Amino acid sequence: MSDIESPRKVTLIDRLLGRIPPGGPELTEFLVSKTDEGIQEMAPRSRTSARELNLESGSVLRLPEGVELNRADIDVETPEDESMILNLGPSHPSTHGVLRVMVEIDGETVLRSKPVVGYLHTGMEKTAEELMYHQGSTNVTRMDYLAPFFNELAFCLSVEKLLDIEIPARATWIRMLMCEFNRISSHFLWLATNSADLGAINMLVYGWREREMVLAFFEKVTGLRMNHNFFRPGGVAADLPDGWHDDALALCQAIPRRMDEYDDLLTGQPILQNRLQGVGPLDAETAIGLGVTGPLLRSTGVAWDLRRDQPYLAYDDVDFDVIVGTSGDCWDRYAIRFNEIRESVRIIEQVIDLMPAGDFRTQDKKITPPPRNRIDESMEALIHHFKLYTEGFRVPTGEAYVPIESPRGESGCYIVSDGTSRPYRMHMRAASFANLQAMAPLARGALLADTIAIVSTIDPVLGDVDR
Amino acid sequence: MSAAAAAAAAEPAEPVEPGDTPSAPDPPAVSGAETLHGCPVGDSLGAAVVHCNRDQYLDLCSALKADGYALPVGVTGVDYLTHPGRDLPEGIDAERFEVVVELLSLTDRARLRVRCQVPGDDPRVPTLFGLWPGTEAHERETYDMFGIEFQGHPDPSRILMPEEWEGHPLRKDYDTGHIPVQFKEAPS
């Protein structure tokens, strides 16, 4: 074949497979080029442009608009030969996945930092263009893998907006039930990993244990612990199983009791307080300018929660408090997530009481396939089922974006439809991706150990960042 | 009450309550008006959308920021190569690419989408980094996926794909399934 013929450029494939084409570079050359710092990474200060340096040292917001940047003003005092550039991650327990943070440190103090992402990029937005709408939630559920229901919800709400259909009340309330439980499981995992990052190793086990309790409920309802593919355009995949009521109530009784124990275990602990209080403070103006949302924004004192401020589903009909911080430090972010678990339990208790009876998916035949037992008795139902699953349903031309409040902030799916049964373009606005931009301003001047606490309280999920 | 509960549940001294300030200026009339800062306004399934050309883009966005759209929700792109016949208001010529900016005003609880037309043979737009630093990562992603260059961006490098990657994956003329798989003893 042609590619065995001779000298050609080393491609990415070659590098991935570790092979050297005939006439290619020597092995040593190969290794040198592999370990070289690339353009995505942080370069030495002398080679970094002033604007980028400004960005990495977290001072982008401190200069008034239109002021010419003076390198001397923004440069950190330490001479370059006294600092060093260090890689944190991508494979490190404190980075919660494959986040790589490049930091320039002087002793223990962080002068600049830059998150390098993309290690988990699998082209899900491109994949979405190949999948029909009824297959789409299988794809998006894998993005933010700690909050799969929120991905599915964002996708389904946008598709339903394009289709202009109303979904039955029971489907809406089932979605709320699952989402709030998902918020709890996501925050529990955050509580576990955050505590472990700060040295409270016992909490790691407890957090995972409580999360498992919630995942067992998910498994009973959807059949899967994660990546449920349970919300579909038009409703949900199945009705709640027998006994869901008792299971959900049992969780609602168990979780607040456990939360009180963790309050005793963690909140009053001086080590945890010292590690979190006053670390990584964020002010409201910076947060808004950086497009930060969710607990990170609320910690700065901005009472913004889409469930309350731009309600979707039936959040209008339930009572809950928006937890707000004051100083925007790691401690506030800890306290907000901690108390959001309690608020979610409060919402779930109301959802259990108010759960309406009725259909769990729309009866619009264009969207919903016939029930399984009808296929055995009716030829029309069989054909209908076959057509829906081979051709999908057509969605009118247009574009839609419906934002929702995920555990990490605003999540939303921008879908452009060209009138066929596949999205023309699907973009997920990932909360973690935007929130990660707060990393550099927060880490500036902090100790390296505090950087771990800062990354942890930003709570990025790399599946969501990289998609 | 525990310390954590006290820290969080206590209302801040001066909480920023979006929408509750009666003295806040009226939101710019988006729904009724035909244009906003000289650009046509459309309605897309209940959402306000401003359409603009590349030349108007930066001025429009500056004006919108002054109107109170303080939070940049996101910047993304769309390649309309194989779906050219879309509805656009008069005065806006359809181009191959669109840069889509989603904005949020916390004080008015209002959202606005800006759709900017970008020609396929010269995909360049000015960066919004000077207005909202939070567009930095989104613009890098859009450059990475569509090859739209954001002029003046402080760090115009790829963000998700490896830096030596060729092509921009979300373009419609970028095929999927390009990585060759070789099997032993099979002609490929």
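So that the names make sense, note that chain A is the first sequence line, chain B the second, and so on, each numbered from 1. Please read these numbers as outputs of a predicted model, since none were measured by experiment.
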Considering only heavy atoms from C-beta outward, does the side chain of [X] approach that of [Y] to under 4.5 Å?
| X | Y | answer |
| --- | --- | --- |
| A/Val416 | B/Glu98 | no |
| B/Glu136 | A/Leu290 | no |
| A/Ile288 | B/Leu106 | yes |
| A/His121 | B/Ile159 | no |

Find the one option among [options] whose heavy-atom pairs under 4.5 Å with chain A are most numerous.
| options | value |
| --- | --- |
| B/Glu102, B/Glu141, B/His138, B/Arg115 | B/Glu141 |
| B/Gly77, B/Gly46, B/Ala47, B/Gly74 | B/Gly77 |
| B/Met161, B/Arg113, B/His153, B/Met145 | B/Arg113 |

Pick one of side chain, backbone, both or neither for [X], based on which atoms fall under 4.5 Å of a heavy atom in chain B.
| X | value |
| --- | --- |
| A/Leu297 | side chain |
| A/Thr293 | side chain |
| A/Val116 | neither |
| A/Ser417 | backbone |
| A/Asp321 | neither |

Original post:
Counting only heavy atoms not in A/Asp164, do more than 12 sit closer than 6.0 Å to its CG atom?
Top reply: no
Original post:
Are there more than 12 heavy atoms of other residues, nucleotides or ligands under 6.0 Å from atom CG of B/Asp43?
Top reply: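 Buried by this count: over 12 neighbours within 6.0 Å.
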Subject >> B/Lys172 NZ/CZ over A/Tyr424 ring centroid, <6.0 Å and within 45° of normal >> reply: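 Judged by the rule (NZ or CZ under 6.0 Å from the ring centre, within 45° of its axis), B/Lys172 counts as positioned above A/Tyr424.
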**OP:** Give a yes or no answer on whether the side chain of B/Arg109 reaches the backbone of A/Gln310 with a donor-acceptor pair at less than 3.5 Å.
**Re:**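 Checked: no pair found.
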Original post:
Does A/Gln437 use its side chain to pair, donor to acceptor, with the backbone of B/Ala137 at less than 3.5 Å?
Top reply: yes
**OP:** Would you sort out whether A/Glu399 and B/Val78 count as a side chain to side chain contact (heavy atoms under 4.5 Å, CB included), showing the intermediate values?
**Re:** CA-CA 11 Å; A/Glu399 40 143 26; B/Val78 184; over 6 Å; no
Would you mind telling me which of [options] has the largest number of heavy-atom pairs within less than 4.5 Å of chain B?
| options | answer |
| --- | --- |
| A/Ala431, A/Gly419, A/Gly291 | A/Gly291 |
| A/Glu410, A/Lys161, A/Arg467, A/Glu130 | A/Glu410 |
| A/Ala400, A/Gly398, A/Pro403 | A/Pro403 |

**OP:** Please flag which part of B/Pro72 lies under 4.5 Å from any non-hydrogen atom of chain A: side chain, backbone, both or neither.
**Re:** both
**OP:** Check each atom of B/Asp144 against the heavy atoms of chain A and say whether the ones under 4.5 Å are side chain, backbone, both or neither.
**Re:**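 The answer is neither part of B/Asp144.
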**OP:** Kindly write out the residues that satisfy side chain to side chain donor-acceptor pair (under 3.5 Å) with B/Glu139, not counting sequence neighbours, or none if the list is empty.
**Re:**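 By the side chain to side chain donor-acceptor pair (under 3.5 Å) rule, B/Glu139 matches B/Thr127.
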Which distance, rounded to the nearest 0.5 Å, do you find between the [atom1] of [X] and the [atom2] of [Y]?
| X | Y | atom1 | atom2 | answer |
| --- | --- | --- | --- | --- |
| B/Leu104 | A/Leu306 | CG | CG | 7.5 Å |
| A/Phe433 | B/Leu160 | CZ | CG | 5.5 Å |
| A/Glu129 | B/Leu170 | CD | CG | 6.0 Å |

Original post:
Can you name the side chain to side chain contact (heavy atoms under 4.5 Å, CB included) partners of B/Thr76, sequence neighbours left out?
Top reply: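 Testing B/Thr76 for side chain to side chain contact (heavy atoms under 4.5 Å, CB included), a comparison that skips the adjacent residues, returns A/Tyr414, A/Arg425, A/His427, B/Val100.
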Subject >> Salt-bridge criterion met for B/Arg86 and A/Asp418 (N-O under 4.0 Å) >> reply: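 Judged by the 4.0 Å cut-off on N to carboxylate O distance, B/Arg86 and A/Asp418 do not form a salt bridge.
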